[in-house]
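Side-chain atoms are counted along with the backbone in the values below, which use heavy atoms only and exclude waters and symmetry mates.
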Amino acid sequence: RLTVTKTFTFDQAKLTQQQMLELVPDNFTINVHSDQHSYLLQMKQKTDEDDISLPGWDSVSVSNEEDTSSITFTWGLDVLAHTYTIAENNADVTNYTLTTATYSATNYKGTTSTGSINNGFTVPCQTIAEDQEGATAQQQANLTNTYTQKTANLTITKVFEGLEDLTPE
């Protein structure tokens, strides 16, 4: 099992969950693939009509009640014994600048790696027999994008005309 979490963090606090969901691009995806198998993760909740054998997000949550500046999606994937490459697509958010895109990944041996998402990263996965002593079937990939709201500068120039006539005596 590979658990993938994706967190979008916005510098503007006190956004509602609905506002954050609307900021996440409709075409944002995470591609999890190996030479034998692949998943395309989308920001779409499963419905009763969806094929439950295909991955969709299992949960979505706001970080906590006081800090409503981030939203997290979680998927649980049944993986094969392969090395998976994880990459995201279409991460641009309207009116925000992507300031950092980082990951942390923990493989089946418990080894954790971290870095910039850039063009993707790899997670070696293994299928573990339930009776295999000391092994863990929990493999984790956490992706975090941090966004800063775009701002603009506005310069106002005030021009006075005809002030000579208003000079005090």
Side-chain angles (χ1 to χ4, degrees), residues 1-13 15-65 67-94 96 98-130 132 135-147:
R1 188 107 172 126
L2 173 64
T3 301
V4 178
T5 63
K6 175 63 187 178
T7 301
F8 292 91
T9 301
F10 300 95
D11 71 342
Q12 180 184 354
L15 294 171
T16 66
Q17 181 172 331
Q18 185 59 41
Q19 288 170 321
M20 286 184 281
L21 281 170
E22 289 170 3
L23 286 172
V24 174
D26 291 338
N27 60 348
F28 178 84
T29 59
I30 299 171
N31 189 13
V32 180
H33 69 280
S34 71
D35 57 349
Q36 300 288 318
H37 195 245
S38 72
Y39 295 100
L40 184 63
L41 308 180
Q42 299 175 321
M43 308 299 123
K44 175 183 180 268
Q45 187 173 21
K46 285 185 181 175
T47 65
D48 291 338
E49 292 80 38
D50 287 335
D51 179 352
I52 61 171
S53 67
L54 299 174
W57 49 274
D58 293 326
S59 67
V60 61
S61 64
V62 176
S63 53
N64 63 50
E65 287 183 25
D67 175 18
T68 54
S69 62
S70 66
I71 190 165
T72 300
F73 298 85
T74 304
W75 297 265
L77 308 176
D78 293 324
V79 293
L80 302 174
H82 295 287
T83 295
Y84 287 83
T85 300
I86 302 175
E88 56 183 38
N89 304 299
N90 305 310
D92 292 336
V93 174
T94 304
Y96 283 82
L98 177 62
T99 54
T100 60
T102 59
Y103 77 88
S104 71
T106 304
N107 67 16
Y108 66 97
K109 294 179 182 177
T111 304
T112 300
S113 60
T114 61
S116 175
I117 293 173
N118 290 338
N119 296 320
F121 59 96
T122 60
V123 181
C125 293
Q126 184 67 39
T127 54
I128 307 293
E130 288 183 24
Q132 189 171 345
T136 177
Q138 292 302 317
Q139 295 141 143
Q140 180 77 33
N142 302 308
L143 297 84
T144 302
N145 285 8
T146 303
Y147 296 88

Does Leu77 form a side-chain contact (heavy atoms from CB on, under 4.5 Å) with Leu41? I'd like the steps, not just the answer. CA-CA 10 Å; Leu77 308 176; Leu41 308 180; 3.8 Å; yes
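Contact check for Gln140 versus Thr112: no side-chain heavy atoms found under the 4.5 Å cut-off. Side-chain contact between Phe73 and Val24 is present, with at least one heavy-atom pair separated by less than 4.5 Å. Thr102 has its side chain out of reach of Thr114: every pair of non-hydrogen atoms, C-beta onward, lies at least 4.5 Å apart.
Here the shortest heavy-atom pairing between Thr83 and Ser34 reads O-CB, 3.4 Å. For the pair Cys125 and Tyr108, the tightest heavy-atom approach, listed with the atom from each and the gap, is C-CD2, 3.9 Å. For the residue pair Gln139 and Gln126, the shortest heavy atom distance occurs at OE1-N, 2.7 Å. Considering every non-hydrogen atom in both Ala101 and Glu88, the closest pair reads CB-OE2, 4.4 Å. Nearest heavy atom pair, residue Pro25 against residue Ala91, reads CG-C, 4.4 Å.
Between the CD atom in Glu22 and the CD1 atom in Ile71 there is a gap of 10.5 Å [rounded to 0.5 Å]. One finds the NZ atom of Lys6 at 8.5 Å from the CH2 atom of Trp75 (value rounded to the nearest 0.5 Å). Here the NE2-OH distance, from His33 to Tyr84, works out to 11.0 Å after rounding to the nearest 0.5 Å. Atom CG of Leu98 is separated from atom CG of Asp92 by 7.0 Å, given to the nearest 0.5 angstrom. The distance from atom CD1 of Ile117 to atom CG of Asn145, rounded to the nearest 0.5 Å, is 5.0 Å. For the atom pair Ile30 CD1 and Gln42 CD, the distance stands at 10.5 Å (nearest 0.5 Å).
Ring pair Phe28/Phe8 is perpendicular by interplanar angle, where above 60° counts as perpendicular and below 30° as parallel. Ring geometry, Tyr103 versus Phe121: the interplanar angle falls under 30°, so the pair is classed parallel (tilted spans 30 to 60°). By the 30° and 60° cut-offs, the orientation of the rings of Phe10 relative to Tyr96 is perpendicular.
The number of heavy atoms from other shown groups lying within 6.0 Å of CG (Asn90) is above 12. The number of heavy atoms from other shown groups lying within 6.0 Å of CG (Asn27) is above 12.
If you run side chain to side chain contact (heavy atoms under 4.5 Å, CB included) between Leu2 and each of Thr106, Val79, Leu80, only Val79 comes through.
Under the 3.5 Å distance criterion, the side-chain polar atoms of Thr144 are left unmatched by any main-chain donor or acceptor of Thr7.
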